[in-house]
Amino acid sequence: MKLYCLSGHPTLPCNVLKFKSTTIMLDCGLDMTSTLNFLPLPLVQSPRLSNLPGWSLKDGNVFLDKTELIDLSTVDVILISNYHCMMALPYVTEHTGFTGTVYATEPTVQIGRLLMEELVNFIERVPKAQSASLWKNKDIQRLLPSPLKDAVDVSTWRRCYTMQEVNSALSKIQLVGYSQKIELFGAVQVTPLSSGYALGSSNWIIQSHYEKVSYVSGSSLLTTHPQPMDQASLKNSDVLVLTGLTQIPTANPDGMVGEFCSNLALTVRNGGNVLVPCYPSGVIYDLLECLYQYIDSAGLSSIPFYFISPVANSSLEFSQIFAEWLCHNKQTKVYLPEPPFPHAELIQTNKLKHYPSIHGDFSNDFRQPCVVFTGHPSLRFGDVVHFMELWGKSSLNTVIFTEPDFSYLEALAPYQPLAMKCIYCPIDTRLNFIQVSKLLKEVQPLHVVCPEQYTQPPPAQSHRTDLMIDCQPPPVSYRRAEVLTLPFKRRYEKIEIMPELADSLVPMEIKPGISLATVSAVLHTKDNKHVLQPPPRPAQPTGGKKRKRASDDIPDCKVLKPLLSGSIPVEQFVQTLEKHGFSDIKVEDTTKGHIVLLQEAETLIQIEEDSTHIICDNDEVLRVRLRDLVLRFLQKF
Amino acid sequence: MDPECSKLLPALCAVLADPRQPVADDTCLEKLLDWFKTVTEAGSSVLLLQENPCLVELLFQVLKPQDLSSGVLSFSLRLAGILAAQENCFQYLQQGELLRGLFGESGPLGRAAWTAPTVRSGWIQGLRSLAQHPSALHFLVGCGALGTIFSLQGDPSLFVASAAGQLLAHVLALCMRGQAEEHPGPQASDWPTCAQQIVDHVEESLRSADSPQVTQALNVLSTTFGHCHSPWTQALWVRLSPLVACLLEKDPVPAAHSLVDLLLSAARSPVLSADCGLWETLAQTLSHLSCTQAGPLALGVLKLQACPQTLRAQAFGVLLQPLACVLEAAAQAPGLPGLPAGTTGDSVVVDTLLSSKSACVGLLCQTLAHVELLQPMPQRPSPWPQAPLLGAAVAVLRFCNGSAAPTSDVGGRLCVILVGCVRVQRAALDFLGTLAQGLGPQELVTQVLAVLLEYLKSPDSSPTVLKKAFQAALRWLRSSPKPSGCCDMDPHSQQFLRELLPVLQKRLCSPCWEVRDSGLEFLTQLTRRWGGQAGFRHTLLASEVPELAEQLLRDPESYVRASAVNAMGQLSSQGLRATSASPEYPGGQQKSLLLDLLHILSADSEGFPRRAVMQVFTEWLRDGHAEVAEDPEQFVARVLQVASQDLDWEVRAQGLELALVFLAQTLGQPASYCPCTMAPPEVAPPGRLAQALQALCRVRLFEFAFRALFDCDRPVAQKSCDLLLFLRARAAPCGNPQDAGSSPNVASAEAALQRWRAGQQGQPQEDLEPEAVMAVLRSVDLEGLRGALAESSDHVEKSPRSLLQDMLATVGTLVENEADCY
């Protein structure tokens, strides 16, 4: 059983598990941090950006974190755990020879599609007249200014996929529901479980009859909007692959939400605008819910909230229709009937307005001071670029970073010098290390496998040994491009016996409670299922030429020697030998058992746990006599 | 006894003795017992029994095997005990073998009723009351009660078990009372039999391997040494202390908690402290107990008035050990400067700290609380290690917020255990606040302020932790040394404040109301203390804090609105409102805070903000706030008008407070307007008085006060009564009652008074004239009213007769209900 680790990013994992005869890809996250090396793509021509010294607009592209560790066409299935972890799907399923199936829950697919659509839209609406790629040549790259020259693996950076590729990739997805059991080639069964992190997010169980691997990725124990995490089903795992923990273990989401609200209120009260770079789904629902409760108390009822994204409308509406994927509280609202999320009311009362882009209606409605939620959190593309340019010069305005995926200082670099205030309130609801340690105590897996980042404290806080996974036995860690042999061996396989064959068995009790029987049968293996069938009758001697060939395949049915079991008590054995006229017997203890020396007969009987040897010089009669004496102590069946 | 009660008593006793008539309410029986206790304390119990034979009959009824409720059974046992407390009555009851029947083995003790804890408890309490004289002792020994009491020490009901222990201590003291003069030796043969039995039992329990039994023995001894300071207790100690010392040899020490209690109560006993053996045992115990158990003992030792210096030093060392460990773990370099010699991070303590999160948290919280208690005491150890304690508090807080970067292994593990622990954070912040009473080296004070700022800034600080951090910050700011020659804050505090205000600003916008509330409280106190100082004023006005505070007057949470009212009241008094000093807003444009507050007073749906407004207004009037000083009469008139309509009695009471301030100011003698003072108030000169009365009438103060006089809430009426009495005393010689009596206005005033008395409020009133008011004032019996109001509201219903009637009445209804069922 092997694990191929294609991504070194702990929260955007991409691993391939070879288990029995199947090749299963676990997630395909897209690490977009390399976009930070590019200049922002402005919607409106920006003289400032185009005139920056030493910089020129190059291809604003994304980047795939992957090595040629494995031939992607051999991947049988891809299991997706949440919409953030499927952003690389088109790179995996398109133009690679991939012919397998992708499994994901419906909200994952729908919201994942929205994220991809938004990404493609952001990139494609500012088409490049030309694209440059020669700079990726190592010799040229090292001449580039820092930090570009220090970027690693630029050759693997790829252009953003197209909508066509997205659609094609998504068409390979098969929808699944929580706790649904999916058979893969009869060899293993995979099951998604609720992970509590996002709408439709799942952990996966991959099990055969005797082995169980759990894949935990992006889980949360906080009571936000999704269905709570199913922990019980993770019990009794042989291996638990643990990825997608919180990226900001020191920040408690509740405190950060408070910080977010306070800073928002402070800015708006002073007549400033607030910009929140965010993804179009996920934490934004919780933020809107929190603001829904907060704005009246903070006297902000008259402040407009704008949500600008090509998929804003779909995102807000999708969230309301996935009732079965929501937490209990929200589910019960549906029966009232009420919309599960309060943003519906914000929209109704005109407090929250959403637009596909800054063009069109938005420019008519735009009122300041206001709060704008828009993408992309990297500040390199999307409508956020426009607002950064628009509001960056005034110290009244504030940009509040809530997504933890990008370093906010790097994201802000091309906008410097910046007068607007910057607040970093990363909200990451995924498991923290305290929760992980409780989870592991409860679930008790035999082995834990995790990215190496989780096995040591964060580099900046080396004394915080609480910020790492602490379990017994210590976790097995992996890094990018590593192939792990998982630390347990498969020892059993389930084989069915046909009823007629089972009928013919005559078990013999050899110890109280243990019965044995010998079986002669044909092992029939098809679709990874093994069946013992009765052996065919001996070939009819009258068989014609045609039959002869078939009878060749029939195994020889030799007369089988009986099988022996039991152990030989040395003292009694010696007594028996003496009774039968052997004298001068010496017993030597060895590490594995005993040696009985018949000095007179120059014979030696080696008794070990699983074998007995009679060594005598060409005296077949003596050997047979001794053998029969030995057999007296053993059971035959 | 009241003859009325005597008449009711037979009926009641009959009811109690009748098992078919259950007593529904046990509290009645308790009240009845209280009454009997006062009756017997005042007179002879024998007489009582002779006059009321029904009582003895009741007790005899109990002896009969019948299904009396456990409540009545317990009541009877206790009643018998109360009656038998007088020796002659004891003899009287004994004539009929009544007591032996009740408390001996033939009584409830042998019956099924004994399974009810109330009965067992009644039995013990009965004996406890009864055991007051030598005859009682003989009785106790004679009827074999001691054995039962011994076994009740282990009763499953904690109340019974504890009462049994106390009874034993009481009986022991009673036995020895006669011996007091003789001063018995420690030899058992010198002791009375009963005492000997008890002491033997205690000795046996102390030798027991069973920890609960040891605990019982220790509790009996603690009670004895705690309550009885006769010389014989010293002999008892000499006799038992070797056994107590033996307990220390066991590992773990059994019943450590009770052992600590015993040693401390022995050490506090004036008879014992001369005995050196005690100090040695204490020292031994301190070193044998685990650090968690030794903490309370160490604190107890340090609180003792007289105690050897070496023991105090040892105790202080034990107490500080956990903090020493923390300091050592946090230190970059080895060594602990400043801690008393011998205080080191003991490895056993370190092991305890690291053994589990709960052990670590428990020990640290306990230690911090103990040292905090010790800090303000006069007998605290000297020299007081202020600097290391400050260091320890800062270290604990840094471990808790993860900002510590310890190099040692222990430090690393402490960090893992403590990070994010709210309980320790709260305890350490409280402790840090207490330490502000002493000074510290500037370097440490800077660290203290820095760590406080970290906590105030951190988004992860929980609301309770934040509140404590605000409180601690305030105490440290208060204690900061004033720079010589000016009364402003010192530069460090100023710097702290400059960094704090942006944080406060953010906290005032927090979505969590508790945080907004504690932020406002902090602002109020800050302003009260430094509002007059230029440095503070400048920094505050440069921030947005005043403006934010004003916005919080419209907060959805009523507590926050109340705090905002207080904060704004304070800011406004000091001229620190947001825009008042700003050149952008010329004076006329600023919205009046007075109007804002009046609006809250008249429109807010919750009581807290309205009460806060009344307090602010009273303070404004007293301090001559600028907006009020423009036209105080109009101000008072408006406030009283609104307050009189208020449904919350506290608002109305505060209205009277405001009226009193106005009254005193108008009469021109603000110095002694307290109506409680017995000295006759200075009488105002007639001319001035007339003017003052006119003014009071103009603001309709009298209407407000008279109406309050008949308020359905007693405190309001009392306050009003005091106010009018004060006024009458001031204005006593003014006018002639006969003259004024004839005025038609007096009639209308009296009519109004009648209407208020009848509860018809809210009707429009004609203006009252001063003369009429004075006449009414003189005609109303204010003193009588005050006396009536001073009685508690149930004084009529509290009499024993009423109790008896009530009990009979409930029984009657119970019977009736039963009849209805058929």
Side-chain angles (χ1 to χ4, degrees), chain A residues 248-272 274 286-287 289-301 396 398 400 402 421 423-427 432-435 437-438 457-458 460-470, chain B residues 329-330 357 398-422 457-463 465-466 502-516 519 543-545 547-548 550-558 560-561 578:
Chain A
I248 318 288
T250 48
N252 153 29
D254 284 340
M256 283 303 161
V257 169
E259 199 75 357
F260 172 82
C261 290
S262 311
N263 283 300
L264 184 140
L266 266 182
T267 306
V268 175
R269 276 184 176 154
N270 286 330
V274 176
D286 299 317
L287 287 180
E289 179 154 4
C290 193
L291 286 173
Y292 168 78
Q293 290 159 358
Y294 177 66
I295 48 176
D296 286 332
S297 76
L300 303 178
S301 319
L396 282 178
T398 306
I400 309 182
T402 55
K421 285 196 280 283
I423 306 286
Y424 184 53
C425 293
I427 298 170
N432 64 31
F433 289 96
I434 298 171
Q435 292 164 333
S437 112
K438 275 190 193 148
Q461 293 160 295
S462 55
H463 65 285
R464 291 292 296 269
T465 50
D466 55 320
L467 303 182
M468 56 186 267
I469 294 179
D470 180 24
Chain B
K357 182 165 177 152
R398 286 202 188 283
F399 277 126
C400 286
N401 75 354
S403 68
T407 46
S408 69
D409 185 35
V410 177
R413 284 158 70 195
L414 268 181
C415 192
V416 171
I417 291 175
L418 289 179
V419 82
C421 178
V422 175
K457 271 183 187 168
S458 163
D460 285 344
S461 296
S462 79
V465 168
L466 263 181
V503 178
L504 183 61
Q505 220 162 282
K506 203 168 67 189
R507 294 299 179 198
L508 291 181
C509 295
S510 166
C512 178
W513 72 262
E514 291 95 332
V515 173
R516 299 197 296 273
S543 76
E544 295 160 29
V545 168
E547 202 184 330
L548 284 169
E550 190 157 352
Q551 284 175 11
L552 289 176
L553 288 175
R554 284 175 293 284
D555 197 275
E557 186 60 48
S558 63
V560 179
R561 288 199 300 275

Practice prompt. Against chain A, label B:Gln505 side chain, backbone, both or neither, depending on which of its atoms sit under 4.5 Å from a heavy atom there.
Written response: both

Discussion item. Using 0.5 Å steps for rounding, measure from the OG atom of B:Ser408 to the NE2 atom of A:His463.
Written reply: 11.5 Å

Worksheet item: Which atoms of A:Thr250 come close to chain B, meaning under 4.5 Å heavy atom to heavy atom: side chain ones, backbone ones, both, or neither?
Response: backbone

Worksheet item: For the candidates A:Asp254, A:Asp470, A:Thr465, which exhibits the highest count of non-hydrogen atom pairs separated by less than 4.5 Å from chain B?
Response: A:Thr465

Practice prompt. Report yes if the side chains of B:Leu548 and A:Leu266 come closer than 4.5 Å at any heavy-atom pair, otherwise no.
Written response: yes

Discussion item. Taking side-chain contact (heavy atoms from CB on, under 4.5 Å) as the criterion, tell me which of B:Pro459, B:Cys512, B:Cys509 meets it with A:Ser262.
Written reply: B:Cys509

Worksheet item: Within a reach of under 6.0 Å around CD1 of A:Ile434, are more than 12 heavy atoms found that belong to other residues, nucleotides or ligands?
Response: no

Fill in: Nearest heavy atoms of A:Cys261 and B:Pro511, plus distance in Å
CB-CG, 3.7 Å

Worksheet entry | Where A:Glu259 and B:Lys506 come nearest, the two heavy atoms and their spacing | OE2-NZ, 2.5 Å

Discussion item. Can you tell me which of A:Leu264, A:Asn270, A:Leu467 forms the most heavy-atom pairs within a distance under 4.5 Å of chain B?
Written reply: A:Asn270

Worksheet entry | B:Asp460 backbone acceptor or donor facing A:Asn252 side chain under 3.5 Å | no

Worksheet item: So what's closer than 4.5 Å to chain A heavy atoms on B:Glu557: side chain, backbone, both or neither?
Response: neither

Discussion item. With a 6.0 Å cut-off (strictly less than), is the heavy-atom count around CZ of A:Phe433, excluding the residue itself, greater than 12?
Written reply: yes

Practice prompt. Kindly check if the number of other-residue, nucleotide or ligand heavy atoms within 6.0 Å of NZ (A:Lys438) is above 12?
Written response: no

